[in-house]
Amino acid sequence: MPSPSAEPTTSTPTPDAGPAASPRMPLAVYILGLSAFALGTSEFMLSGLVPPIAEDMNVSIPRAGLLISAFAIGMVVGAPLLAVATLRLPRKTTLIALITVFGLRQMAGALAPNYAVLFASRVISALPCAGFWAVGAAVAIAMVPVGSRARALAVMIGGLSIANVLRVPAGAFLGEHLGWASAFWAVGLASAIALVGVVTRIPRIPLPETRPRPLKNEVAIYRDRQVLLSIAVTALAAGGVFCAFSYLAPLLTDVSGLDEAWVSGVLGLFGIGAVVGTTIGGRVADAHLFGVLLTGISASTVFLVALALFASNPAATIVLTFLLGVSAFYTAPALNARMFNVAGAAPTLAGATTTAAFNLGNTGGPWLGGTVIDANLGFASTAWAGAAMTVLGLGTAALALRLTKRPAPGHVVARSRGAGGTTPSEPARGKATSSC
């Protein structure tokens, strides 16, 4: 296992590695998962707070839902920007600074006097969140062999899953009983706890002995068609699910006929499903990456169509909410690992690009959902719109698999000097990374 200060290992993974080949995850990776929990509370909690914020700020539900997109916009912009800006800074110091600023911005959001200020606060607070994700993901994969990348990233994503279980329904509960601002204060407290973990448990990771690659070489990954396809698959898969999930609270009350007291519990079921999906996907994705992508996105499509058809049935809606959590987060480790595989020559920018891609979906999904609601198509129509996005994502994933099995003529695998010698900067396509 490489030391924390080493660059991420980029050797080709061994197909179908058995359990004996899976090393134990470093404690620092779990601390990053704890930090992801704090970050995820802010990203997802508004799904249960849309109605009270709309009422308090005197705006429509679709406009309040755009606060979710506002955070995602900040993530899209902030991830690559801060990844590039912090390339020459110590990793631990960067993580400490980013999560500190993030926590302070949550407090600013709690004190926002109107919708415009709250919207701006959401965008700004997403910037350090995006930077933390980009740097944290690169640190996580640097501490494990390439064959354990999906497992390490699944630990970080697991923090998001647990955030869904606890903080989204807790946010809905706090919004109902103590006002929506109390949820922002709670996220600030969670960030402070995560900060303590980063300060005390993340090892100090020195800068590489060699100078970082020139920026023009880093951004060269965007000329790779597989990187572009990976961005598209991630954005469409995430956007399809969150097109419906962002408006799940009003769907549950206005279409399914559930009492408001049920909302936090049903949102919690989505989170439980996310934990289940992340656990399974993280264990399977390293050996069967495209298999996870294709089956997971297909399952999300089926569940979204079923939600649109049976939204008026409370029991069906509750079960489908859980299943959507499973399918959405089942694919997340594979989506993350895929980007690091195809953009391994620029690991920090690869993490930033994945973060931006997810949040392109988290921006476009709620926007599309709000658009169909404004068109008087009803809350259930968000599931139809989400299914359309996942169908496009499924087709894009299939195209990526086909091109992976048939590399472009003249494709040459670049080589770079790693911690242990000369190794490929990208896993050989068509092997374990494309096994299904």
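All residue numbers refer to positions in the sequence shown, counting from 1. Values in this document were obtained by computation on a predicted structure and should not be read as measured data.
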Full working for side-chain hydrogen bond (donor to acceptor under 3.5 Å, both in side chains) between T317 and S256: CA-CA 7 Å; T317 302; S256 301; 3.1 Å; yes
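- In the model, Y330 has no side-chain atom that pairs as donor or acceptor with a side-chain atom of S300 under 3.5 Å.
- W185 has its side chain out of reach of L178: every pair of non-hydrogen atoms, C-beta onward, lies at least 4.5 Å apart.
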Test log, rule side-chain hydrogen bond (donor to acceptor under 3.5 Å, both in side chains), inputs T100 and R105: CA-CA 9 Å; T100 298; R105 293 308 307 175; over 6 Å; no
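- The two residues C243 and A385 make their nearest non-hydrogen contact at SG-CB, 3.8 Å.
- Although no hydrogens or angles enter the test, the distance criterion places a donor-acceptor pair under 3.5 Å between the side chain of N336 and the main chain of A332.
- Using modelled atom types, one side-chain atom of S125 and one backbone atom of R122 make a donor-acceptor pair closer than 3.5 Å.
- T93 places no side-chain N or O within donor-acceptor distance of the main-chain N or O of L89, the cut-off being under 3.5 Å.
- In this structure, CG on L66 lies 12.5 Å from CD1 on I61, to the nearest 0.5 angstrom.
- Smallest separation of non-hydrogen atoms from L98 and G131: CD1-C, 3.4 Å.
- Interatomic distance, OG1 of T396 versus CG of L228, reported as 11.5 Å (0.5 Å rounding).
- Taking 4.5 Å as the limit, every side-chain heavy atom of F303 sits out of range of all side-chain heavy atoms of V326.
- Side-chain N/O atoms of Q226 and T404 include a donor and acceptor closer than 3.5 Å.
- No side-chain heavy atom of T390 sits under 4.5 Å from any side-chain heavy atom of L236.
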Stepwise side-chain contact (heavy atoms from CB on, under 4.5 Å) check, L304 with M389: CA-CA 10 Å; L304 284 166; M389 293 185 72; over 6 Å; no
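- Contact of the F358 side chain with the L335 side chain is registered, since non-hydrogen atoms from C-beta on lie closer than 4.5 Å.
- To the nearest 0.5 Å, atom NE2 of residue H288 and atom CZ of residue R283 are 14.0 Å apart.
- The environment of N58 atom CG is sparse: at most 12 non-hydrogen atoms of other residues, nucleotides or ligands sit within 6.0 angstrom.
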Stepwise side-chain contact (heavy atoms from CB on, under 4.5 Å) check, L32 with L95: CA-CA 10 Å; L32 291 172; L95 293 175; 4.1 Å; yes
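- Applying side chain to side chain contact (heavy atoms under 4.5 Å, CB included) to I99 and the options V199, L104, L195 leaves one that passes, L195.
- A donor-acceptor contact shorter than 3.5 Å links the side chain of T371 to the backbone of W367.
- A pairwise comparison of heavy atoms in F184 and Q106 identifies CB-O, 3.6 Å as the closest pair.
- Atom CZ of R91 and atom CD1 of I96 lie 12.5 Å apart (nearest 0.5 Å).
- Side-chain contact between L258 and V263 is absent, with no heavy atoms from C-beta onward closer than 4.5 Å.
- No side-chain N or O of T331 forms a donor-acceptor pair with one of R338 less than 3.5 Å apart.
- Between L293 and A334 the shortest heavy-atom distance is CD2-CB, 3.7 Å.
- Note that the OG1 atom of T321 and the CZ atom of F270 stand 8.5 Å from one another [nearest 0.5 Å].
- Counting all heavy atoms, side chain and backbone alike, G281 lies closest to P333 at C-CG, 4.0 Å.
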Trace of the side-chain contact (heavy atoms from CB on, under 4.5 Å) decision for T279 with F329: CA-CA 9 Å; T279 302; F329 281 79; over 6 Å; no
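- Between L252 and W262, every side-chain heavy-atom pair lies at or beyond the 4.5 Å cut-off.
- The closest side-chain heavy-atom distance from D259 to T253 is not below 4.5 Å.
- In plain terms, the two heavy atoms of S381 and V372 that are nearest each other are OG-CG2, 3.3 Å.
- Below 30°, between 30° and 60°, or above 60°: for F119 and Y115 the angle between ring planes is between 30° and 60°, a tilted geometry.
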L323 vs V302, side-chain contact (heavy atoms from CB on, under 4.5 Å): CA-CA, chis, key distance, verdict: CA-CA 10 Å; L323 293 175; V302 171; over 6 Å; no
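- At a threshold of 4.5 Å between non-hydrogen side-chain atoms, the residues L34 and Y30 do not count as touching.
- With rounding to the nearest 0.5 angstrom, the CG atom of L324 is 12.0 Å from the CG atom of L269.
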